[in-house]
2 protein chains.
Amino acid sequence: MRLTTKGRYAVTAMLDLALQEGKRPVTLQDIAVNQEISLSYLEQLFAKLRKAGLVRGTRGPGGGYRLAKKMDSISIAEVISAVDEKADMTRCGGQSDCLDGEKCLTHELWMELSDKIFEFLNGITLGELVRRPEVIAVAERQEAVREGLRSGRLKTVVVEADAVIGTLK
Amino acid sequence: MRLTTKGRYAVTAMLDLALQEGKRPVTLQDIAVNQEISLSYLEQLFAKLRKAGLVRGTRGPGGGYRLAKKMDSISIAEVISAVDEKADMTRCGGQSDCLDGEKCLTHELWMELSDKIFEFLNGITLGELVRRPEVIAVAERQEAVREGLRSGRLKTVVVEADAVIGTLK
DNA sequence: ATAATCCCGACTATTTTACTTGGTTTTCAC
DNA sequence: GTGAAAACCAAGTAAAATAGTCGGGATTAT
């Protein structure tokens with residue numbers, strides 16, 4: 001179980017999805033703006049999440065992504081493994097022959113720690129997170145921003161600014 | 001508390017030191033051969049370990065490194081922080097303003113996990129590790145190899161091979 | 001038909017890790 | 001006092017991973 005910002009991006013995005021469950025599907029553009037992650041990078045992450053059977057995408061206008069399973073049966077560990085692929089910590093990668101076919105000195109220590117991390121992340125689901133007060137608080141602030149973007153001119157401005165930046169390159 | 005192979009190298013080397021405590025100081029060359037880490041890379045790691053007050057080096061023939069503190073009062077977390085310097089996991093780095101001055105959605109989750117990892121690694125000392133049966137077993141095998149190197153011709157061969165490789169470049 | 005959206009592959013930039021090179025000092029042994 | 005063994009030091013390189021870009025499809029609601 002490796003811990004990288006990549007995995008964190010994925011969990012954040014999935015949590016965003018979970019928070020909007022029941023409403024219309026969430027577009028990557030929406031997540032990109034709210035969580036400040038590049039759209040194309042999100043696309044790559046979601047390709048992996050889709051292959052792992054964690055999300056379903058629907059194309060066309062009004063489309064976007066939805067969770068493919070109940071949020072209470074998606075653990076954080078699952079999300080991270082989906083985008084991380086090889087979870088081995090290079091050398092000592094699950095196999096016990098990290099040093100000339102022998103276990104290295106600290107083999108058991110890292111395995112033990114890795115297990116502990118997995119246990120922790122596997123014991124927490126998206127459903128559990130969306131019910132946490134801090135998450136709800138942050139989500140409400142973000143929802144306000146989202147509303148502003150939809151009803152006001154902000155989104156248009158962002159899109160137009162993007163277009164301008166595009167022409168400049 | 002970040003987890004990288006760099007930290008693992010450092011812990012392995014420190015454990016090697018702890019295992020030889022009481023004998024003559026351990027040379028980096030010795031560690032390099034036994035743990036299969038490049039000598040110059042070890043030098044860099046030990047520069048940090050020295051600055052953190054975890055080891056003391058003595059120069060000249062017969063010199064090498066020794067632990068600067070009792071092995072029972074050196075935790076694994078200390079060793080890792082010594083070589084890792086910035087322990088922040090980029091964004092969410094301890095500070096609570098990871099997203100536009102606000103906490104990001106998963107802020108508490110990562111802080112919680114980070115604490116758990118630190119707790120675990122801070123609760124284990126080098127002294128504790130050298131008393132573990134698996135570590136003792138691996139150490140004994142490595143000690144046999146070390147003996148062989150000292151008394152036999154193997155070390156000479158390695159050094160000579162290095163010299164040959166040097167001339168080839 | 002058009003625009004929104006997912007989908008896809010290849011490419012680039014940045015950062016980190018791991019390692020290299022080529023030294024200089026210090027200190028022991030002879 | 002010379003030589004060799006070691007720590008010490010700074011600068012560079014190589015490979016990998018992360019993060020992001022670009023340019024296009026393919027679908028589908030309106």
Side-chain angles (χ1 to χ4, degrees), chain A residues 2-10 12-13 17 24-32 35-51 55-66 68 83-91 155-156 159 162-163 165-169, chain B residues 2-10 12-13 17 24-33 35-51 55-66 68 83-91 155 159 162-163 165-169:
Chain A
R2 253 185 1 181
L3 295 171
T4 70
T5 59
K6 196 172 181 176
R8 277 233 319 284
Y9 277 150
T12 304
L17 241 62
R24 3 177 340 197
V26 187
T27 68
L28 292 188
Q29 170 67 30
D30 195 31
I31 298 177
Q35 311 305 336
E36 296 185 359
I37 309 171
S38 107
L39 176 60
S40 323
Y41 196 41
L42 273 175
E43 281 182 346
Q44 286 173 49
L45 296 181
F46 271 76
K48 290 180 179 176
L49 293 171
R50 195 166 43 83
K51 274 169 201 149
V55 298
R56 260 175 312 115
T58 56
R59 298 180 172 192
Y65 281 97
R66 276 208 186 85
V83 297
D84 253 24
E85 47 235 81
K86 44 184 168 185
D88 76 318
M89 309 212 213
T90 356
R91 227 160 169 177
K155 180 169 188 178
T156 325
V159 170
D162 268 354
I165 289 164
T167 62
L168 290 177
K169 287 187 191 161
Chain B
R2 253 183 4 179
L3 296 170
T4 69
T5 60
K6 197 172 181 175
R8 277 232 320 283
Y9 277 150
T12 304
L17 241 62
R24 2 178 345 206
V26 187
T27 69
L28 293 187
Q29 170 67 29
D30 195 31
I31 298 177
V33 171
Q35 312 305 337
E36 296 184 359
I37 308 172
S38 107
L39 176 60
S40 326
Y41 195 40
L42 273 176
E43 283 181 346
Q44 287 172 49
L45 296 182
F46 271 75
K48 291 180 178 176
L49 292 172
R50 195 165 44 83
K51 275 168 201 149
V55 298
R56 261 176 310 115
T58 56
R59 297 181 173 194
Y65 282 97
R66 276 207 187 86
V83 298
D84 253 25
E85 49 232 83
K86 42 184 171 187
D88 75 319
M89 307 213 215
T90 357
R91 227 159 170 179
K155 180 170 186 178
V159 171
D162 268 354
I165 289 164
T167 63
L168 290 177
K169 285 186 190 163

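Residue numbers start from 1 in every chain, and the chains themselves are labelled A, B, ... in the order their sequence lines are given, proteins ahead of strands. Only heavy atoms go into these numbers, but all of them, side chains included; no hydrogens, no water, no symmetry mates.
Looking at every heavy atom in both residues, B/V83 comes nearest to B/A10 through CG1-CB, 3.7 Å. Nearest heavy-atom pair across B/G62 and B/P25 is O-CG, 3.5 Å. Minimum interatomic distance between B/L39 and B/Q29 (heavy atoms only, all atoms of both residues): CD1-N, 3.6 Å. Here the closest non-hydrogen pair linking A/T12 and A/Q35 is CG2-OE1, 3.5 Å. Contact record, B/A13 with B/L42: CB-CD2, 4.1 Å, taken as the closest heavy-atom pair.
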Open item on the list: Base contacts versus sugar-phosphate-only contacts with protein, heavy atoms under 4.0 Å: please encode nucleotides 23-30 of chain D as B, S and - from 5' to 3'.
Closed with: ---BBBB-
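Contact annotation: B/Y65 side-chain N/O to D/dA6 OP1/OP2 distance is not under 4.0 Å. Contact annotation: A/R50 side-chain N/O to C/dC7 OP1/OP2 distance is under 4.0 Å. Between B/Y41 and C/dT21, a side-chain N or O to OP1/OP2 separation shorter than 4.0 Å is absent.
In this structure, A/D30 places its CG atom 15 Å from C1' of C/dC6, rounding to the nearest Å. In this structure, NZ of B/K6 is placed 12 Å from C1' of C/dC19, rounded to the nearest angstrom. Put simply, CG on A/L49 is 14 Å from P on C/dC8, counting in whole angstrom units. Rounded to a whole Å, the CG atom of B/L42 is 9 Å from the P atom of C/dC19. Counting to the nearest Å, the P atom of D/dC8 and the NZ atom of B/K48 are 16 Å from each other. Rounded to an integer number of Å, the gap from B/L45 CG to C/dC19 C1' is 11 Å. Note: CG (B/L39) to C1' (D/dA5) measures 12 Å, nearest angstrom. Going from atom CG of B/D84 over to atom P of C/dT17 covers 7 Å, rounded to whole Å.
The A/S38 side chain lies nearest to D/dG20 when the options are D/dC8, D/dG20, C/dT20. Side chain of A/L28, nearest nucleotide from D/dT21, C/dC6, C/dT17: C/dC6.
One N or O donor and one acceptor, one from the side chain of B/Q44 and one from the base of C/dC19, sit under 3.5 Å apart.
Here A/F46 lies out of heavy-atom contact (under 4.0 Å) with every strand.
By the 4.5 Å heavy-atom criterion applied to side chains, B/F46 and B/L17 are counted as neighbours.
Heavy-atom nearest nucleotides on DNA chain C were determined for A/K51 and for A/G63, and the one closer to the 5' end corresponds to A/G63.
Taking A/T4 as the reference, A/R2, A/K6, A/D84 meet the side chain to side chain contact (heavy atoms under 4.5 Å, CB included) condition, with sequence neighbours excluded.
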